[in-house]
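Please read all numbers here as calculations on a predicted model, not as lab measurements. Below, all heavy atoms of this structure are taken into account, side chains as well, without hydrogens, waters or symmetry copies.
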Amino acid sequence: MTNQSLMKKFLLGLVFAAMTFAVGAREPQEGWKQLGTGLFCDDLISVIDEMFLDSWEVEIEESEAEPGMYRLVNPFGSGKCPYFDFKTFNANDLVINATDPEHVWIPVQNMGFSIASWGSFTISCFNGMMVEADLSIEDLIDAECLFGTLADGKITFPDDDGYRLQAWFDYYLEGIVPADGNPHGKFCVTLPEAYSGIADGIADENAPVEYYNLQGVRVNNPSNGIFIRRQGSKVTKIAL
């Protein structure tokens, strides 16, 4: 085992879940629509060390009452997060407000577990902190504050030292000042529809190629004519 691996286990080996252990898949919850599997690139726990920067699949839901209000289901638990050895511990969901795609923000929320000597882990963004201090999103827009965005099925936040996602730990500067999250500018949530497209594209690239003539009859060795080429879900007409 490398020194880096030992350090990783030392720092993140102790995870104290504040909730119960997960048992099986979560049942649909009232008021939330299950969208499917997306991709989460975490650039928050990386404030501890840059070795904790990774991506993994998560289940994503959307509020039925507020379209664009998303939540990542147990993103740091369920055995998918590569940082932790626990296979079934249940963390809190991560809520992201993208009801306005040009002004995306993350409310202040505790993730329901502690990391070794760093303490309880809480996430926010700068604007989430301001909302917690009783400012409105409209005030922050008028003040031309930076926001995250939702574009092409991906939620991202500015890679700007003047605007960082916030990662609170109870014992980091006594829990008063959050650490600057997203230090590499890689925090990203790919929503299921966009992620499915990526996955389908990869599947298509790996699928076998088949050829058919214009009458729909499969041709093993096409030449000197016009044919239909199919690879996975992608179909094109080609001349050979």
Side-chain angles (χ1 to χ4, degrees), residues 12 15-48 52-101 104-115 120-125 127-128 131-132 148-157 165-169 181-182 186-200 202:
L12 297 184
V15 179
F16 301 100
M19 300 177 66
T20 59
F21 282 76
V23 180
R26 185 163 81 178
E27 294 294 326
Q29 297 188 356
E30 184 177 353
W32 290 89
K33 176 173 60 177
Q34 296 175 320
L35 299 182
T37 301
L39 189 69
F40 176 40
C41 180
D42 163 55
D43 196 359
L44 292 166
I45 297 181
S46 59
V47 302
I48 294 177
F52 306 115
L53 176 57
D54 213 330
S55 300
W56 59 92
E57 292 183 335
V58 294
E59 296 305 308
I60 299 179
E61 300 172 340
E62 183 178 15
S63 170
E64 294 177 342
E66 297 181 81
M69 182 75 74
Y70 299 103
R71 66 180 183 185
L72 280 59
V73 177
N74 191 16
F76 292 100
S78 71
K80 292 185 178 180
C81 175
Y83 306 151
F84 306 124
D85 289 337
F86 294 101
K87 300 303 181 186
T88 55
F89 105 88
N90 193 10
N92 289 341
D93 299 337
L94 172 58
V95 175
I96 300 178
N97 190 324
T99 52
D100 178 351
V104 178
W105 59 287
I106 299 178
V108 176
Q109 53 204 291
N110 186 277
M111 297 313 298
F113 62 95
S114 297
I115 299 176
S120 180
F121 179 42
T122 298
I123 292 174
S124 178
C125 68
N127 293 328
V131 170
E132 193 78 0
T149 57
L150 168 57
D152 299 323
K154 293 186 176 183
I155 295 172
T156 57
F157 287 85
L165 299 183
Q166 307 296 304
W168 266 286
F169 299 94
N182 201 25
K186 293 185 177 181
F187 181 97
C188 179
V189 176
T190 303
L191 297 177
E193 182 176 352
Y195 183 58
S196 175
I198 294 171
D200 289 346
I202 294 172

Problem - Whether Gln166 side chain and Ile123 backbone form a donor-acceptor pair below 3.5 Å - result: no
Practice task
Just do the side-chain contact (heavy atoms from CB on, under 4.5 Å) check on Ser63 and Trp32 with the steps written out, would you?
Solution key: CA-CA 5 Å; Ser63 170; Trp32 290 89; 3.9 Å; yes
Practice task
Would you please name every residue forming a side-chain hydrogen bond (donor to acceptor under 3.5 Å, both in side chains) with Asn182, sequence neighbours left out?
Solution key: none
Completion exercise
Of all heavy-atom pairs linking Thr99 and Pro67, the shortest is CG2-O, 3.5 Å
Fill in the blank from the handout: Taking every heavy atom of Asn92 against every heavy atom of Pro75, the minimum-distance pair comes out as O-CD, 3.4 Å
Exercise for the section: Using modelled atom types only, decide if a donor and an acceptor are shared between the side chain of Asp152 and the backbone of Lys154 within a distance under 3.5 Å. Expected result: no
Practice task
Can you sort out the partners of Glu64 under side-chain contact (heavy atoms from CB on, under 4.5 Å), two or more places apart, ordered by chain and number?
Solution key: Lys33
Practice task
With side-chain contact (heavy atoms from CB on, under 4.5 Å) as the test, would you mind laying out the steps for Asp43 and Phe157 before giving the verdict?
Solution key: CA-CA 11 Å; Asp43 196 359; Phe157 287 85; over 6 Å; no
Handout entry: Straight-line distance of Glu132 CD to Asn127 CG, nearest 0.5 Å
Key = 13.0 Å
Problem - Side-chain H-bond candidate by donor/acceptor type, Gln109 with Ser124, under 3.5 Å - result: no
Exercise for the section: Would you give the length of the straight line joining atom CG of Leu94 to atom CG of Asn74, rounded to the nearest 0.5 angstrom? Expected result: 11.0 Å
Practice task
List the atom of Val47, the atom of Gly181, and the distance in Å for their closest heavy-atom pair.
Solution key: CG1-CA, 3.7 Å
Problem - Side chain to side chain, Tyr70 and Leu191, heavy atoms closer than 4.5 Å - result: yes
Handout entry: Pairwise distance CG(Leu72) to CG(Asp42) - rounded to 0.5 angstrom
Key = 10.5 Å
Exercise for the section: Could you tell me whether the side chain of Phe169 reaches within less than 4.5 Å of the side chain of Phe121, counting heavy atoms only? Expected result: yes
Handout entry: Asp93 side chain vs Val95 backbone, donor-acceptor pair below 3.5 Å
Key = no
Practice task
Give the C-alpha distance, both sets of side-chain angles, the deciding distance and a yes or no for side-chain contact (heavy atoms from CB on, under 4.5 Å) between Val131 and Trp105.
Solution key: CA-CA 10 Å; Val131 170; Trp105 59 287; 4.0 Å; yes
Handout entry: From CA spacing to verdict: side-chain contact (heavy atoms from CB on, under 4.5 Å), Phe76, Trp56
Key = CA-CA 10 Å; Phe76 292 100; Trp56 59 92; 4.1 Å; yes
Practice task
For residues Cys125 and Leu165, determine if any side-chain heavy atom of one lies less than 4.5 Å from a side-chain heavy atom of the other.
Solution key: yes
Practice task
Evaluate the side-chain proximity of Ile96 to Leu150: yes if any heavy-atom separation is below 4.5 Å, no if none is.
Solution key: no
Fill in the blank from the handout: In short, Ala91 meets Gly77 closest at the heavy-atom pair CB-N, 4.3 Å
Problem - N/O donor-acceptor pair under 3.5 Å between Asn97 side chain and Ile106 backbone - result: no
Fill in the blank from the handout: By side-chain hydrogen bond (donor to acceptor under 3.5 Å, both in side chains), Thr122 pairs with (sequence neighbours left out) Asn110
Practice task
Using side-chain hydrogen bond (donor to acceptor under 3.5 Å, both in side chains) as the criterion, list what pairs up with Glu57, not counting sequence neighbours.
Solution key: Tyr195
Exercise for the section: Return yes if a side-chain donor-acceptor contact under 3.5 Å exists between Arg71 and Gln29, otherwise no. Expected result: yes
Practice task
Report the residues that fulfil side-chain hydrogen bond (donor to acceptor under 3.5 Å, both in side chains) with Ser55, sequence neighbours left out, ordered by chain and then residue number.
Solution key: none
Handout entry: Partners passing side-chain contact (heavy atoms from CB on, under 4.5 Å) against Thr149 (at least two apart in sequence or in another chain)
Key = Thr156
